[in-house]
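What follows is one structure encoded as structure tokens, with my remarks underneath.
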Amino acid sequence: MSLPEVLSRIREAELVAERPSESVRLVAVTKGRTPDEIRAHVLAHGEFALAENRGQELRDKRVELPNVEWHFIGTLQTNKLKYLRGVTLIHTLTRADHAAELARLAESWGSAPDVLLQLHNGEPQKHGVQLSEASSLYHQVSLMGLRVRGVMIMAPEGDPEGADRTFADAERLAGDLGLSELSMGMSDDFPLAIRHGATLVRVGRALFS
Ligand SMILES: *Cc1c(COP(=O)(O)O)cnc(C)c1O
């Protein structure tokens with residue numbers, strides 16, 4: 001696939017789901033790709049938000065690719081939050097102490113990233129806040145002055161039925177909390193995620209193959 005093909009599949013999935021055209025935004029996952037690869041496979045086709053999962057890699061690429069909207073999709077670590085300066089949206093907030101440290105850093109940065117709460121998908125080794133604890137985290141983080149825009153979830157690996165259930169859970173929870181952004185769907189499952197209301201799809205491999 002290529003980026004134009006992914007975009008046309010996104011538009012097609014919106015139609016099938018009877019959702020407005022362009023209600024889903026492509027977030028291009030660029031982890032492990034060089035700036036030249038990113039220019040050729042992504043930025044040559046227009047302006048897109050780019051997402052990285054390692055703080056230092058993101059910081060270095062921000063220098064090489066200025067004027068880009070950056071998102072962070074990796075596991076947060078207290079001592080590496082400092083690399084997230086200039087990030088527009090963090091998809092992976094799971095802990096109030098990380099939010100407090102981000103709010104503190106944001107004062108010196110002069111701008112704060114918006115955040116999504118990463119929901120646990122039931123896989124033991126995966127990060128995420130339990131569905132039952134998401135509302136409490138949402139209220140705690142909001143009081144710290146960070147804007148919670150929505151939730152993020154990853155489908156369990158190699159489990160299509162699990163994906164359906166996982167996306168449905170996230171859709172319901174975002175609705176319950178009154179949050180508008182739903183980050184879910186990757187190269188293998190973004191059409192399904194769009195049927196469940198995804199507003200941000202995080203696609204990597206399909207853009208570069
Ligand atoms: C790598 C990654 C993606 C993109 O996955 P692809 O299978 O390459 O499309 C999306 N979300 C997260 C959190 C990732 O780490």
Side-chain angles (χ1 to χ4, degrees), residues 1-13 24-35 37-38 40-43 45 48-61 68-77 80-81 83-84 87-95 98 113-129 134 148-160 162-164 166-167 169-171 173-174 181-209:
M1 260 193 259
S2 62
L3 188 142
E5 205 174 329
V6 169
L7 272 187
S8 78
R9 291 202 187 187
I10 290 173
R11 302 284 91 92
E12 192 182 298
V24 179
R25 221 177 138 206
L26 170 64
V27 176
V29 176
T30 51
K31 63 187 185 206
R33 312 286 174 178
T34 65
E37 287 176 298
I38 298 168
H41 290 266
V42 179
L43 301 174
H45 301 288
F48 296 92
L50 308 185
E52 290 285 332
N53 68 343
R54 289 175 194 276
Q56 281 124 309
E57 198 175 332
L58 188 151
R59 176 201 59 190
D60 295 345
K61 285 180 184 167
V68 164
E69 178 179 323
W70 290 99
H71 291 196
F72 188 73
I73 58 170
T75 303
L76 297 179
Q77 290 172 265
K80 296 192 174 173
L81 296 176
Y83 300 125
L84 303 186
V87 169
T88 299
L89 184 66
I90 294 174
H91 292 230
T92 44
L93 188 77
T94 61
R95 285 168 36 176
H98 288 152
D114 288 345
V115 298
L116 306 179
L117 306 181
Q118 181 175 357
L119 304 176
H120 199 266
N121 69 359
E123 286 185 298
Q125 72 281 20
K126 286 278 163 58
H127 292 270
V129 60
V148 181
R149 308 265 323 271
V151 300
M152 177 275 214
I153 204 160
M154 295 174 74
E157 271 169 58
D159 175 8
D164 203 59
T166 303
F167 292 157
D169 283 346
E171 182 179 25
L173 189 85
E181 299 289 350
L182 204 39
S183 168
M184 56 191 196
M186 315 192 340
S187 292
D188 292 333
D189 56 17
F190 68 85
L192 176 66
I194 290 170
R195 286 204 283 286
H196 282 294
T199 59
L200 297 164
V201 291
R202 309 177 311 271
V203 178
R205 278 173 302 129
L207 306 176
F208 293 91
S209 51

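Both backbone and side-chain heavy atoms feed into the values below; hydrogens, waters and symmetry mates do not. All ligand and atom numbering here is 1-based and tracks the order in the structure.
Between Met186, Met154, Gln118, Lys31, it is Lys31 that holds the heavy atom closest to atom 2 (C) of ligand 1.
Ligand 1 places these atoms under 4.0 Å from at least one heavy atom of Val203: 9 (O).
Scanning all protein heavy atoms for the shortest distance to atom 9 (O) of ligand 1 gives Ser187 OG, 2.5 Å. Summary of contacts: the protein heavy atom closest to atom 7 (O) of ligand 1 is Arg205 NH2, 2.7 Å. Protein heavy atom at the shortest distance from atom 12 (C) of ligand 1 is Ile73 CD1, 3.6 Å.
Annotation for Glu5: atom CD counts as buried by contact number, over 12 foreign heavy atoms lying within 6.0 Å. Annotation: Lys80, atom NZ; neighbour count of heavy atoms from other residues, nucleotides and ligands within 6.0 Å does not exceed 12.
At least one donor-acceptor pair under 3.5 Å links the side chain of Lys61 to the backbone N or O of Arg33. A donor-acceptor pair is defined here as one N or O able to donate and one able to accept, closer than 3.5 Å; no such pair exists between the side chain of Thr88 and the backbone of His71.
For the residue pair Thr94 / His127, no side-chain donor-acceptor distance below 3.5 Å is found, with atom types taken as modelled.
Checked against a 3.5 angstrom limit, the closest N/O atoms of Arg202 and ligand 1 fall inside it.
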